[in-house]
Asker: 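Here it is: the structure, laid out below.
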Amino acid sequence: LSGHPHRLRLRERQTMTSLRRLTKEFEALEKNPLDFCAIAPADDKMSAEAQLQGPAGTPYATGVWTIDLTFPANYPFKAPDVKFRTEIKHPNVKTDTGEVCPEVFFPNWSPTMNVRLVLSNMREVLKNPVVETPLEAELAELFANDRSKFDKLVKDHVKSLGKKKK
């Protein structure tokens with residue numbers, strides 16, 4: 001069935017629509033960049049790499065994280081797949097894989113949402129982890145019950161990332 005010409009044409013149309021939309025979004029980000037994040041789309045525009053700065057006033061403040069975004073053929077009707085390539089200690093991100101919880105980072109996804117909003121939401125969740133729906137239960141518990149210990153753990157991890165780069 002997947003080789004059926006009708007299905008293939010539909011998928012190609014979806015991809016073309018996604019490409020037009022993504023091209024516009026990346027152009028808008030280039031003209032009006034986010035002050036906390038740089039983004040570089042791949043040549044095919046169906047994926048991108050972002051450098052997200054840790055928000056001031058958080059234990060993430062001195063860090064920069066590389067994030068991979070992969071856009072489905074039916075974007076913007078389906079959210080992008082987002083993963084932290086740089087390891088991060090966060091209740092809503094799997095430490096070993098960098099996977100994020102889509103319900104937390106972009107709840108109620110709709111076609112009106114865009115790349116700018118995804119990156120802004122990611123920054124917001126770094127500021128305010130959602131401990132009710134964690135991917136890392138121990139970190140969520142630490143954040144909720146011993147904030148100073150959580151902050152120290154994150155700060156120490158961020159420092160170790162800086163050392164790895166050199």
Side-chain angles (χ1 to χ4, degrees), residues 1-2 4 6-60 63-141 143-144 154:
L1 264 172
S2 64
H4 192 272
H6 229 45
R7 287 243 166 104
L8 187 60
R9 280 199 297 271
L10 174 65
R11 189 153 180 81
E12 285 172 3
R13 275 201 313 270
Q14 284 179 331
T15 303
M16 290 307 295
T17 304
S18 299
L19 274 174
R20 277 195 301 273
R21 166 79 180 253
L22 285 164
T23 300
K24 283 181 186 168
E25 288 188 36
F26 289 132
E27 284 170 357
L29 279 164
E30 205 174 310
K31 283 179 192 148
N32 184 12
L34 295 164
D35 60 355
F36 57 85
C37 186
I39 187 159
D43 290 341
D44 71 356
K45 305 275 190 279
M46 294 306 289
S47 62
E49 178 184 289
Q51 300 289 323
L52 180 68
Q53 293 172 7
T58 73
Y60 302 101
V64 177
W65 284 268
T66 301
I67 297 163
D68 293 319
L69 295 96
T70 307
F71 301 93
N74 58 348
Y75 178 85
F77 299 98
K78 188 172 183 280
D81 179 45
V82 177
K83 277 191 177 163
F84 279 81
R85 195 183 321 153
T86 311
E87 187 180 295
I88 187 167
K89 300 285 186 191
H90 190 282
N92 304 115
V93 181
K94 286 291 280 165
T95 304
D96 56 348
T97 64
E99 288 173 75
V100 303
C101 182
E103 295 78 29
V104 169
F105 283 90
F106 15 90
N108 309 314
W109 179 265
S110 78
T112 59
M113 296 174 136
N114 58 28
V115 176
R116 181 180 297 274
L117 187 67
V118 167
L119 297 170
S120 297
N121 284 359
M122 295 195 73
R123 183 169 190 249
E124 218 34 58
V125 176
L126 286 189
K127 286 184 190 175
N128 303 300
V130 181
V131 293
E132 297 80 18
T133 55
L135 289 178
E136 293 290 348
E138 284 180 26
L139 289 174
E141 200 172 303
F143 181 86
V154 171

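Note that the numbering runs from 1 along the sequence shown for the chain.
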Asker: Apply side-chain contact (heavy atoms from CB on, under 4.5 Å) to P102 and list each qualifying residue two or more places apart in sequence or on a separate chain.
Answerer: F106
Asker: Out of curiosity, K94 NZ to K83 NZ, how far, rounded to the nearest 0.5 Å?
Answerer: 12.0 Å
Asker: Listed by chain and number, what are the side-chain contact (heavy atoms from CB on, under 4.5 Å) partners of T66, not counting sequence neighbours?
Answerer: E49, Q51, R85, T86
Asker: Looking only at heavy atoms, what is the nearest atom pair of P72 and S18, with distance?
Answerer: O-OG, 3.8 Å
Asker: Apply side-chain contact (heavy atoms from CB on, under 4.5 Å) to the pair F105 and V130, showing each step before the final yes or no.
Answerer: CA-CA 9 Å; F105 283 90; V130 181; over 6 Å; no
Asker: In this structure, which one of L69, V93, L119 forms a side chain to side chain contact (heavy atoms under 4.5 Å, CB included) with V82?
Answerer: L69
Asker: Under the side-chain contact (heavy atoms from CB on, under 4.5 Å) criterion, do T95 and E87 qualify, and how do the steps go?
Answerer: CA-CA 6 Å; T95 304; E87 187 180 295; 4.0 Å; yes
Asker: May I ask you to test the M122-V125 pair for a side-chain heavy-atom distance under 4.5 Å?
Answerer: no
Asker: Do L52 and L126 touch side chain to side chain, with heavy atoms closer than 4.5 Å?
Answerer: yes
Asker: Taking side chain to side chain donor-acceptor pair (under 3.5 Å) as the definition, give me every residue that meets it alongside T70, ordered by chain and number, with sequence neighbours left out.
Answerer: none
Asker: Can you list everything that forms a ring-ring contact (aromatic ring centres under 6.0 Å, His included) with Y60? Sequence neighbours excluded, please.
Answerer: W65, H90
Asker: What are the two closest non-hydrogen atoms of N92 and P134, and how far apart are they?
Answerer: ND2-CA, 4.0 Å
Asker: Could you go through K127 and E124, starting from their C-alpha distance and side-chain angles, then the distance that decides it, and tell me whether this counts as side-chain contact (heavy atoms from CB on, under 4.5 Å)?
Answerer: CA-CA 5 Å; K127 286 184 190 175; E124 218 34 58; 3.8 Å; yes
Asker: I'd like to know if the side chain of W109 and the backbone of P80 have a donor-acceptor N/O pair within less than 3.5 Å.
Answerer: no
Asker: In residues 23-42, what donor-acceptor pairs under 3.5 Å come from side-chain atoms, sequence neighbours left out?
Answerer:
| from | atom 1 | to | atom 2 | distance (Å) |
| --- | --- | --- | --- | --- |
| T23 | OG1 | L19 | O | 2.7 |
| E25 | OE1 | Y75 | OH | 2.9 |
| E25 | OE1 | V115 | N | 2.7 |
| E25 | OE2 | R21 | NE | 2.6 |
| E25 | OE2 | R21 | NH2 | 3.4 |
| E25 | OE2 | Y75 | OH | 2.8 |

Asker: For V100 and F84, what are the C-alpha separation, side-chain angles and deciding distance, and is it a side-chain contact (heavy atoms from CB on, under 4.5 Å)?
Answerer: CA-CA 8 Å; V100 303; F84 279 81; 3.7 Å; yes
Asker: Restricting to non-hydrogen atoms, name the atom on P111 and the atom on F77 that form the minimum distance, rounded to 0.1 Å.
Answerer: CG-CD2, 3.4 Å
Asker: Taking only residues two or more places apart in sequence or in another chain, which ones pass salt bridge (Lys or Arg N to Asp or Glu O under 4.0 Å) with E103?
Answerer: none
Asker: About how many Å separate CG of L22 and OG1 of T17, when rounded to the nearest 0.5 Å?
Answerer: 11.0 Å
